[in-house]
There are 2 protein chains.
Amino acid sequence: MVTISDIAKSLGVTPSTVSRALAGSPRVKESTRKAISETAVLMGYERNEPASSLRKGHSNVVGIVVPRINRAFFSSAISGAETVLNEHGYSVIICQTHEKMEDEIKALKTLKSNRVAGVLISHASSSLSGDHIMKNIRPETILVQFDRVFSELPGPKIVNDNFHGAYEGTHHLIEQGYKRIGHIAGFMDTEAYLDRLNGYKQALTDMGIDVDENIIFYDSIVEESGYKAGKTAIERGCDALYCAGDFSALGAYLAAKDCGIRIPEDFGVIGTANEFFTTIMSPAISSIAQHPYEIGRRAAQAFLTSLKPESNVGQIVVSMEVMARESSLRKKEKR
Amino acid sequence: MVTISDIAKSLGVTPSTVSRALAGSPRVKESTRKAISETAVLMGYERNEPASSLRKGHSNVVGIVVPRINRAFFSSAISGAETVLNEHGYSVIICQTHEKMEDEIKALKTLKSNRVAGVLISHASSSLSGDHIMKNIRPETILVQFDRVFSELPGPKIVNDNFHGAYEGTHHLIEQGYKRIGHIAGFMDTEAYLDRLNGYKQALTDMGIDVDENIIFYDSIVEESGYKAGKTAIERGCDALYCAGDFSALGAYLAAKDCGIRIPEDFGVIGTANEFFTTIMSPAISSIAQHPYEIGRRAAQAFLTSLKPESNVGQIVVSMEVMARESSLRKKEKR
DNA sequence: AGCGAAGATACAAACGTTTGTATTTAAAAA
DNA sequence: TTTTTAAATACAAACGTTTGTATCTTCGCT
């Protein structure tokens with residue numbers, strides 16, 4: 001393995017000059033910088049990252065912590081973040097928490113041991129407060145939260161505009177003439193779900209519809225819970241459901257089908273997240289799309305700007321978009 | 001940050017003893033080992049991984065390189081590998097190649113710079129040989145290939161039993177009475193697809209059916225290609241398709257639907273990989289399932305055993321399983 | 001020519017761990 | 001008690017980089 005000293009020797013300079021040259025420091029003359037970087041590639045030099053990290057006190061690695069990598073939202077967000085981080089010389093270490101706070105702590109400890117430069121995190125649903133996050137992050141490490149955030153924690157936060165997304169989605173159902181619209185809401189310890197609930201309520205209120213707690217279902221947003229909630233919603237006279245997740249929407253959708261209820265004629269469904277499967281069902285499932293790739297990009301950018309001393313990124317809100325598909329369209333398009 | 005020397009000082013021993021104690025070396029007395037590890041947790045010691053990696057020449061990190069993390073197969077394989085690696089004190093750094101050899105080289109270079117202990121890789125479809133892999137891996141680094149492998153490269157290989165999976169899938173279609181069975185095959189530079197093609201051909205031959213190259217489609221296995229191939233297959237009189245991927249199966253399935261052809265009565269479809277969406281379509285799409293979680297586990301285990309000097313893991317074949325669903329079942333179940 | 005100020009490079013220490021070798025201590029044998 | 005052996009720990013160097021400080025050039029200016 002060729003080191004910085006090998007290059008130094010072969011050119012008759014010192015390792016420090018080589019180091020500075022490769023880092024692009026203004027302290028080394030342009031001509032020598034060029035000579036050094038040329039022989040570096042010639043000799044096949046590759047930086048020893050552990051050595052660099054040890055000396056600098058932190059690595060060129062950014063940790064990304066998410067509940068699961070096989071959700072459309074998270075894998076896209078990761079891709080977005082990865083792309084901009086790679087462009088800036090950082091590599092990425094991805095950790096799954098499987099929605100468990102215990103695994104989240106383990107992941108953060110690992111990242112801490114590896115002296116990562118930053119952590120981009122969307123916390124597990126079982127994490128009820130951000131205490132364990134702050135405890136397992138070094139003060140120099142830059143923390144960026146995205147999607148699911150604890151607003152009491154410091155640092156940049158990239159979030160969906162859940163309130164308005166939910167509002168628009170609910171409004172869309174009302175516009176399509178649905179009268180009794182229920183909501184599969186998720187658990188209220190996650191801010192994102194609370195915002196969606198509030199958007200839903202606001203949309204109803206604005207259109208003069210009373211909020212009925214009997215048709216709001218607080219449960220995990222997986223297919224099975226959606227199915228159950230769907231059945232109950234139908235029993236309670238709902239003719240539409242706005243779901244905080246696509247898998248719960250799928251459950252409700254299948255429940256309606258199993259009851260022999262026609263979608264969208266007799267029952268409207270709209271989910272959230274724009275998972276791939278929603279587009280290929282027949283009828284296709286409407287969904288409130290996020291922009292996960294963009295959110296990942298923004299999170300990475302927030303990390304990069306936070307690297308600079310005086311920066312202060314704060315909260316960034318990314319819009320959501322109603323993808324109206326067959327499952328909620330019973331009026332002819334007017335355009 | 002508390003270091004090994006801090007612990008040493010507080011106990012009146014030397015750093016080397018602490019290091020050995022924490023590593024569980026037999027060279028330190030049991031009683032001192034206990035005392036050391038106790039004060040270590042008491043003082044909140046956390047190993048500085050970069051320092052450790054620098055000294056040892058390699059890190060406690062394993063790189064996993066896959067085409068995309070949002071494919072059911074890969075995200076499950078990653079989960080499997082992650083689980084067993086974490087149990088053994090390794091963390092995981094995940095790289096996506098987006099099927100591009102260029103990105104694959106970048107990923108390998110990054111892993112090399114980080115002195116990873118091992119690389120688990122499923123190569124990009126545009127990687128035509130393993131040369132660039134060998135070139136960008138240090139000789140001490142353990143290379144494990146899984147799913148898509150280059151058999152000319154050394155080291156453990158964990159593969160699906162693609163031949164028999166394809167054989168069984170094709171056989172299943174024949175058994176269901178389909179007479180003219182086409183194949184969407186993928187590109188032949190990936191061994192997995194070649195094996196599937198051969199399994200398909202063998203099944204036909206064994207049942208006395210001639211192989212017809214006109215109904216074998218060599219194209220990328222995405223939805224769009226599947227749709228096109230599906231149309232052509234129908235024109236050429238096929239009454240069933242075995243597809244090397246689920247997305248191409250989906251394309252063909254939609255093509256048949258668009259042509260007003262009934263599935264499974266007039267046209268049978270079976271895909272490969274058991275993606276989530278195949279289970280929720282109506283009719284549900286049959287698929288030849290792999291065991292990705294198991295493959296990930298095996299790959300990680302192969303890495304761990306390769307750590308031992310005299311080990312020689314070789315090739316491991318993991319079976320596949322036909323998940324017969326509505327899209328290929330037109331006879332009543334006989335059991 | 002002499003002086004001062006940048007400009008360019010050299011020097012040297014440090015980051016925290018691991019590990020081969022040397023030394024001390026304890027136990028066993030004589 | 002002395003000698004031999006083994007067990008336990010101490011010593012010290014090394015891994016490759018980065019970075020503050022020191023030294024040496026080079027140039028422009030008077």
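All figures in this text were calculated on a predicted structure; none of them were measured in a lab. Just so you know, these numbers use all the heavy atoms, side chains as well, and skip hydrogens, waters and symmetry mates. Reminder, nothing fancy here: chain letters follow the sequence lines and each chain counts from 1.
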**Item:** Euclidean distance, atom CZ of residue Arg20(A) to atom P of dG7(C) [Å, nearest integer]
**Value:** 16 Å
**Request:** Say whether, by atom type as modelled, one donor and one acceptor occur between the side chain of Ser79(B) and the main chain of Ser75(B) under 3.5 angstrom.
**Result:** yes
**Message:** Heavy-atom nearest nucleotide on DNA chain D for Ser19(A) versus Val28(B): which residue maps closer to 5'?
**Reply:** Val28(B)
**Message:** Students should find this one: the first and last nucleotides of DNA chain D, 5' to 3', lying under 4.0 Å from a heavy atom of chain B. What are they?
**Reply:** dA8(D) to dG16(D)
**Request:** Take Arg27(B) and Pro26(A), find for each the nucleotide of DNA chain C with the closest heavy atom, and name the residue whose nucleotide sits nearer the 5' end.
**Result:** Pro26(A)
**Item:** Arg138(B)/Glu140(B) salt bridge by N-O under 4.0 Å criterion
**Value:** yes
**Request:** Please identify each residue that fulfils salt bridge (Lys or Arg N to Asp or Glu O under 4.0 Å) with Glu87(A), with sequence neighbours left out.
**Result:** none
**Message:** Using five pairs at each end of the helix from dA1(C)-dT30(D) to dA30(C)-dT1(D) to define an axis, what is the angle between those two axes, to 10°?
**Reply:** 40°
**Request:** Please list all pairs passing the ring-ring contact (aromatic ring centres under 6.0 Å, His included) test where one or both residues lie in residues 50-90 of chain B, with sequence neighbours left out.
**Result:** Tyr90(B)-Phe303(B)
**Asked** What pairs with Asn160(A) under side chain to side chain donor-acceptor pair (under 3.5 Å), at least two apart in sequence or on another chain?
**Response** Asp147(A)
**Prompt:** So, the side chain of Lys157(A) versus the backbone of Gly155(A): is there a donor-acceptor pair under 3.5 Å, distance only?
**Reply:** yes
**Prompt:** Quick one: side chain to side chain donor-acceptor pair (under 3.5 Å) pairs with a partner in residues 295-311 of chain A, sequence neighbours left out?
**Reply:** Glu294(A)-Arg298(A)
**Request:** Please answer whether the main-chain N or O of Phe150(B) pairs with a side-chain N or O of Gln145(B) as donor and acceptor at a distance below 3.5 Å.
**Result:** yes
**Request:** Please list all pairs passing the salt bridge (Lys or Arg N to Asp or Glu O under 4.0 Å) test where one or both residues lie in residues 60-80 of chain A, with sequence neighbours left out.
**Result:** Arg71(A)-Glu99(A)
**Request:** Output all residues satisfying salt bridge (Lys or Arg N to Asp or Glu O under 4.0 Å) with Glu30(A), sequence neighbours left out; order by chain, then residue number.
**Result:** Arg33(A)
**Complete:** Residues of residues 30-61 of chain A with a heavy atom under 4.0 Å from any atom of DNA chain C, listed by number, are Thr32(A), Leu54(A), Arg55(A)
**Asked** At under 4.0 Å between heavy atoms, what does Ser16(A) touch on the DNA or RNA strands: base, sugar-phosphate, or nothing?
**Response** base
**Message:** My understanding is that only residues two or more places apart in sequence, or in another chain, count here; which of them pass salt bridge (Lys or Arg N to Asp or Glu O under 4.0 Å) with Glu46(A)?
**Reply:** Lys112(B)
**Partner set under side chain to side chain donor-acceptor pair (under 3.5 Å) for Thr141(B), not counting sequence neighbours** = none
**Prompt:** Taking atom types as modelled and ignoring hydrogens, do the side chains of Thr110(A) and Ser113(A) form a donor-acceptor contact shorter than 3.5 angstrom?
**Reply:** no
**Residues within residues 4-15 of chain A bordering DNA chain C, heavy-atom distance below 4.0 Å** = Gly12(A), Val13(A), Thr14(A)
